[in-house]
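Comments concern the structure below.
Numbers here are sequence positions counted from 1. Just so you know, ligand 1 is whichever comes first in the structure, and atom 1 is the first atom listed for that ligand. Hydrogens, waters and symmetry mates are skipped; everything else that's a heavy atom, side chains included, is used.
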Amino acid sequence: MNYQLTVGLEVHAELKTRTKMFCNSANDSNETRPNVNICPVCMAHPGTLPVINQQAVLHVLRVGTACGGTVADVTEFDRKNYFYPDIPKGYQISQYKNPLILGGILNGVAIERIHLEEDTASSSHNGDHSLVNYNRAGVPLMELVTKPVIKSPEQASAFARELQLLLRTLGASDAHMDKGEMRVEANISISKTDTLGTKVEVKNLNSFRSVERAINYEVERMTKILDGGEGIIVQETRGWDEIKQSTFSQRKKENAHDYRYFPDPDLPKLKLSEISEFTHEILTKSMPELPHEKRARLIRNYNIKEVNAEIFITDSTLGTLFESTAVLLSDDTYNLLENYITSDIVGLIKGEGSLQNIIPAMLAKLIRFTKEGKLSSRGTKDILMGMYMNGGDPEVIAHERGLFQISDANQLTIVINEIITTHPTVVAEYKMGKVSAIQFLIGQGMKISNGSANPAQLKELFEKRMNL
Ligand code: MN
């Protein structure tokens with residue numbers, strides 16, 4: 001019997017606010033000069049006092065509400081004590097017993113809690129010395145902890161993706177994993193019974209792919225230990241080495257009591273139910289359409305493929321282009337539109353040009369021409385590229401470039417007559433049974449019409465004529 005994997009995730013996300021969590025230093029992740037967004041409060045000078053950032057609290061409450069979690073009646077901030085150069089006060093202000101949010105569910109995964117804390121400074125280690133940049137010290141940080149209910153690496157990364165989408169939809173965080181704006185830690189254990197095995201916490205997961213790979217790596221490592229009978233799994237914190245694609249032991253896991261948590265006496269308890277800015281009505285009224293709602297609506301209303309709905313949700317510019325064009329079209333063209341956006345336009349946006357050049361009304365016109373058979377798929381692609389580069393009306397571009405297909409039988413008959421007269425040998429060959437000779441004739445037809453004939457129709461008409 002194989003081991004059953006169990007994963008719980010802890011996700012930290014830097015919140016989008018103008019100022020830091022407890023002072024008015026700027027919260028600017030794009031600042032490249034070190035130690036400029038600092039002040040006596042976030043540098044822990046004696047005698048300074050923290051003040052709670054209302055916007056940061058609101059962000060967490062909205063995330064919690066979007067996940068159907070319970071907003072705490074009373075919440076408080078605690079000191080998490082430990083020494084490290086990146087934490088100037090000697091403690092991190094976090095939340096312990098009374099987090100802002102309890103419970104909730106996202107992407108089928110039950111949430112334990114969501115709380116608010118402050119980020120640490122960032123340190124860089126260079127040979128014999130280390131540098132510390134305090135710009136990030138005190139930036140508001142949301143921490144979401146799931147219940148240990150995740151059963152596969154794919155489910156873990158899918159959860160993280162959905163959370164990233166939600167944070168962006170709510171404007172709570174940019175949540176770029178490569179920039180450290182969203183950081184995932186996985187608590188991993190395996191067991192053959194219902195009792196959970198010893199867990200190992202893996203840190204430094206900077207991409208969705210590393211989340212999956214680190215979990216897979218740990219399952220293999222733990223299975224070897226248990227099956228080999230050599231020793232036991234040690235409860236510890238491990239790091240993920242992106243280059244070696246493996247985890248390594250960092251430190252034996254400390255317990256909560258090691259941090260000597262206690263309520264921060266410098267900050268008031270918040271009775272959230274009595275704060276008018278945080279009422280349930282305000283939290284729900286400002287809620288935008290959530291990713292799972294949008295996903296369901298796009299598939300229901302437009303009958304598009306799930307993978308394309310995902311593209312439109314992840315890239316809202318493409319999503320908006322799709323929807324504002326689709327409303328101008330009839331429902332039998334949605335799939336054509338969906339395909340041209342998710343294949344051709346997705347390809348175009350990697351190069352020069354601008355998506356803003358493509359106006360929904362003009363894109364709708366182009367899709368209609370294509371649906372009606374007035375343009376070949378090659379012609380549509382060319383026009384789309386032209387529109388992406390310079391804007392414009394597909395009708396004008398098609399005329400200029402002679403891209404409209406001639407499907408008019410009378411016009412095509414003139415072309416066919418001409419070819420049959422000028423190529424009697426080929427026609428004779430065809431009539432003798434060399435069926436492939438028709439390709440040459442169709443080729444001539446495309447040439448004479450400058451590529452504007454509809455090849456399928458040419459073939460049909462040639463066959464009709466020569467089989468007489
Ligand atoms: Mn934390």
- prompt: Does K80 make a cation-pi contact with Y259 (under 6.0 Å, within 45 degrees of the axis)?
  reply: yes

Exercise answer: donor-acceptor pairs, residues 52-60 side-chain atoms, under 3.5 Å, sequence neighbours excluded:
from: N53; atom 1: OD1; to: Q55; atom 2: N; distance (Å): 2.9
from: N53; atom 1: OD1; to: A56; atom 2: N; distance (Å): 3.3
from: N53; atom 1: ND2; to: T19; atom 2: O; distance (Å): 3.1
from: N53; atom 1: ND2; to: T19; atom 2: OG1; distance (Å): 3.4
from: N53; atom 1: ND2; to: K20; atom 2: O; distance (Å): 3.1
from: Q55; atom 1: NE2; to: H59; atom 2: NE2; distance (Å): 3.3
from: H59; atom 1: NE2; to: K16; atom 2: O; distance (Å): 2.7

query: Do E338 side-chain atoms and K305 backbone N/O form a donor-acceptor pair below 3.5 Å?
result: yes

- line: Applied to residues 313-325, the salt bridge (charged side-chain N to carboxylate O under 4.0 Å, His left out) test, sequence neighbours excluded, yields R297-E323

- prompt: If you measure from the Lys or Arg side-chain nitrogens to the Asp or Glu carboxylate oxygens, is any gap between D119 and R183 under 4.0 Å?
  reply: yes

Can you give me every donor-acceptor pair (side chain of residues 272-283, partner residue at least two apart or in another chain, under 3.5 Å) with its distance?
from: S273; atom 1: OG; to: D73; atom 2: OD1; distance (Å): 2.6
from: T279; atom 1: OG1; to: I282; atom 2: N; distance (Å): 3.3

Sub-2.8 Å protein N, O or S atoms surrounding the Mn ion (ligand 1): H12 NE2, E117 OE2, E143 OE1

